[in-house]
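Structure first, then comments.
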Amino acid sequence: MIVVTGATGNIGRSLVGRLLAEGAAVRALTRDPARAGLPAEAEVVRADLTGADDLAPLLAGAEALFLNLAAGGDRAATAVLDAAVKAGVRRVVLNSSMAVTDTPADDTNHIARMHAGLERAVRDSGLEWTFVRGGNYSTNTLAWAPSIRESGVVRDAHPGAQGAPVHEADLADVAAVALLDRSGAHQGQAYLVTGPEVVTIAEQVAEIGRAIGRETRVERISEEEAAEAMSGPHFPKEAALELVKRFGEMVDAPSFPVSDVVERVTGHPGRTFAQWARDHAADFS
Ligand SMILES: NC(=O)c1ccc[n+]([C@@H]2O[C@H](COP(=O)([O-])OP(=O)(O)OC[C@H]3O[C@@H](n4cnc5c(N)ncnc54)[C@H](OP(=O)(O)O)[C@@H]3O)[C@@H](O)[C@H]2O)c1
């Protein structure tokens with residue numbers, strides 16, 4: 001049985017479906033099973049991982065764990081990891097980040113520090129592990145949905161910034177292979193997982209326009225304004241500004257890394273951003 005944290009999230013929901021399709025038993029964790037809308041075949045269990053709940057029953061009888069930092073933050077993730085060790089879970093697949101580079105640079109920015117810290121805890125746990133170091137998620141563009149619906153305009157500091165946005169279904173597919181693996185082939189692997197092609201912010205906005213059949217365009221704003229708009233209770237303004245500045249470095253960058261891990265691990269090509277936009281057209285309409 002496989003425990004999925006963040007089971008109603010972007011990756012989690014896709015992962016639960018994939019694991020069930022592969023015939024695995026799944027325990028899907030959510031703070032609100034009644035609203036989760038998860039498949040009936042999954043064992044859907046209520047869990048607030050930042051609360052005082054006893055975590056032991058959540059991991060009991062599990063063989064593998066999908067650990068997502070988004071499900072309550074790093075202290076919650078560490079507590080779930082400890083509970084997994086105590087429960088005799090064998091394998092953990094950590095949803096990590098491309099920001100982690102295994103160099104001293106990992107100490108220089110918020111996102112890398114957070115994920116690298118959790119990677120260290122996972123390595124030290126003694127469990128078999130695989131890291132899914134995702135690049136920029138296509139789902140980040142869902143933040144544009146209100147303004148695209150309202151005016152077709154996206155405000156961004158760096159319209160020419162390049163990326164290789166990755167579809168949540170591809171992250172889930174890679175995670176599923178590692179969670180289900182009994183050969184050890186994915187053990188101890190830190191997979192950099194990106195989308196299959198380089199696309200600028202302006203091209204992503206245009207692609208969403210094509211998917212919904214409406215004209216869309218980007219309006220340039222300052223880095224400060226972009227960071228302000230991006231920050232929130234769980235993402236401080238300084239961290240947002242770091243990220244916005246990193247996007248600035250991606251404008252006309254000579255070679256944005258595009259990985260072939262999706263194809264290598266799952267056997268199918270990575271989904272393009274155009275595909276993602278079609279899959280999510282309803283979110284922007
Ligand atoms: N965005 C990027 O470009 C990027 C790049 C690399 C890595 N990442 C990593 O990916 C993560 C995001 O993954 P995602 O998009 O799949 O997440 P997501 O869609 O935000 O889902 C997170 C889920 O966690 C659950 N959750 C939230 N608080 C919880 C709590 N206190 N206790 C238990 N569950 C809780 C929520 O489910 P319920 O409401 O049902 O409880 C939610 O559906 C980031 O945090 C980061 O670590 C992101």
Side-chain angles (χ1 to χ4, degrees), residues 3-18 27-38 42 44-53 55 58-59 65-80 83 93-101 106 109-119 121-122 131-144 161 163-176 190-195 199 201 204 230 232-235 239-240 242-244 246-247 250 257 259 261 273 276 280 283:
V3 174
V4 176
T5 62
T8 64
N10 296 312
I11 303 167
R13 189 175 294 281
S14 187
L15 178 60
V16 169
R18 164 62 52 201
R27 184 176 293 152
L29 308 189
T30 168
R31 288 167 299 178
D32 190 350
R35 294 179 48 171
L38 287 162
V44 181
V45 175
R46 200 205 70 82
D48 183 341
L49 301 175
T50 50
D53 296 358
L55 301 179
L58 305 176
L59 280 311
L65 165 70
F66 177 71
L67 190 57
N68 191 339
L69 199 51
D74 50 359
R75 280 175 56 189
T78 308
V80 173
V93 173
L94 174 68
N95 191 51
S96 188
S97 166
M98 177 191 189
V100 183
T101 56
D106 291 350
N109 74 83
H110 177 83
I111 294 177
R113 229 177 355 256
M114 208 168 52
H115 290 92
L118 198 52
E119 286 194 2
V122 168
F131 301 152
V132 178
R133 290 180 175 170
N136 180 36
Y137 291 6
S138 300
T139 51
N140 294 341
T141 66
L142 290 171
W144 301 336
V166 58
H167 197 304
E168 64 278 12
D170 284 338
L171 292 159
D173 287 354
V174 171
Y191 287 130
L192 168 63
V193 185
T194 70
V199 215
I201 296 288
Q204 292 169 43
M230 196 185 277
H234 301 296
F235 198 47
E242 274 174 12
L243 193 59
V244 171
R246 279 233 307 281
F247 276 112
M250 299 298 165
S259 104
V261 162
F273 188 80
W276 183 90
H280 286 269
D283 293 320

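One-based numbering, in listed order, for ligands and for the atoms of each.
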Between Tyr137 and Val166, does a side chain to side chain contact (heavy atoms under 4.5 Å, CB included) hold up when you go through it step by step? CA-CA 5 Å; Tyr137 291 6; Val166 58; 3.9 Å; yes
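- Taking atom 23 (C) of ligand 1 as the reference point, the nearest protein heavy-atom neighbour is Gly6 CA, 3.6 Å.
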Worked check of side chain to side chain donor-acceptor pair (under 3.5 Å) between Ser96 and Glu119: CA-CA 7 Å; Ser96 188; Glu119 286 194 2; 2.7 Å; yes
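- The closest heavy-atom contact to atom 32 (N) of ligand 1, among the options Leu49, Thr139, Thr5, comes from Leu49.
- Within ligand 1, the atoms closer than 4.0 Å to a non-hydrogen atom of Thr50 are 31 (N), numbered from 1 in the order shown.
- For ligand 1, the atoms sitting less than 4.0 Å from at least one non-hydrogen atom of Asp48 are 30 (C), 31 (N), 32 (N), numbered in the order shown with element in parentheses.
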Set out, in order, the CA-CA distance, both residues' side-chain angles and the distance that settles side chain to side chain donor-acceptor pair (under 3.5 Å) for Thr30 and Asp32, then state yes or no. CA-CA 5 Å; Thr30 168; Asp32 190 350; over 6 Å; no
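- Each of Leu49, Leu58, Asn68 was evaluated against Val80; a single residue qualifies, Leu49, per the side chain to side chain contact (heavy atoms under 4.5 Å, CB included) test.
- Of the heavy atoms in Ala47, only backbone atoms (N, CA, C, O) come closer than 4.0 Å to ligand 1.
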Quick one: do His280 and Thr141 satisfy side chain to side chain contact (heavy atoms under 4.5 Å, CB included)? Show the steps, please. CA-CA 10 Å; His280 286 269; Thr141 66; over 6 Å; no
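- Listed here is the closest heavy atom pair of Leu118 and Ala77: CD2-CB, 3.6 Å.
- Annotation for ligand 1: atoms under 4.0 Å from non-hydrogen atoms of Gly135 are 3 (O), 5 (C), 6 (C).
- Considering only non-hydrogen protein atoms, atom 1 (N) of ligand 1 sits nearest to Asn140 OD1, 2.8 Å.
- An N or O contact shorter than 3.5 Å is missing between Ser97 and ligand 1 by distance.
- When only non-hydrogen protein atoms are considered, atom 16 (O) of ligand 1 lies nearest to Ile11 N, 3.0 Å.
- Considering only heavy atoms from C-beta on, Pro165 comes within 4.5 Å of Val199 through its side chain.
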Would you check, one step at a time, whether the test side chain to side chain contact (heavy atoms under 4.5 Å, CB included) holds for His110 with Phe235? CA-CA 9 Å; His110 177 83; Phe235 198 47; 4.3 Å; yes
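- Residue contacts with ligand 1 for Ala36 are absent, since no atom lies close enough (heavy atoms, distance under 4.0 Å).
- Against a heavy-atom cut-off of under 4.0 Å, Asn95 is close to the following atoms of ligand 1: 9 (C), 10 (O), 11 (C), 13 (O).
- Remark: minimum distance from atom 17 (O) of ligand 1 to any protein heavy atom is reached at Ala70 CB, 3.5 Å.
- Residues Leu94 and His115 form no side-chain contact, since every pair of their non-hydrogen atoms from C-beta on lies 4.5 Å or further apart.
- Atoms of ligand 1 lying under 4.0 Å from at least one heavy atom of Ser96, given by number and element, are 6 (C), 7 (C).
- Of all atoms in ligand 1, listed by their number and element, those nearer than 4.0 Å to a heavy atom of Leu69 are 47 (O).
- For ligand 1, the atoms closer than 4.0 angstrom to any heavy atom of Thr30 are 38 (P), 40 (O), 41 (O).
- Looking only at heavy atoms of the protein, atom 46 (C) of ligand 1 is closest to His115 NE2, 3.3 Å.
- With contacts defined as side-chain heavy-atom distances shorter than 4.5 Å, the pair Asp173/Arg18 qualifies.
- Here Met230 contributes atom CE and Asn140 contributes atom CG; the two are 8.0 Å apart, rounded to the nearest 0.5 Å.
- The ligand atoms of ligand 1 that sit less than 4.0 angstrom from a heavy atom of Asn136 are 3 (O).
- In terms of protein heavy-atom proximity, atom 37 (O) of ligand 1 is nearest to Thr8 OG1, 2.9 Å.
- Classified by interplanar angle (parallel below 30°, tilted 30° to 60°, perpendicular above 60°), the ring pair Trp276/His167 is perpendicular.
- In this structure, the side chains of Pro257 and Met98 come closer than 4.5 Å at one or more pairs of heavy atoms.
- Protein heavy atom closest to atom 36 (C) of ligand 1, with residue, atom name and distance, is Arg31 NH2, 3.7 Å.
- Closest to atom 11 (C) of ligand 1 among all protein heavy atoms lies Asn68 OD1, 3.5 Å.
- Of the polar atoms of Gly9, at least one N or O is found under 3.5 Å from an N or O of ligand 1, judged by distance alone.
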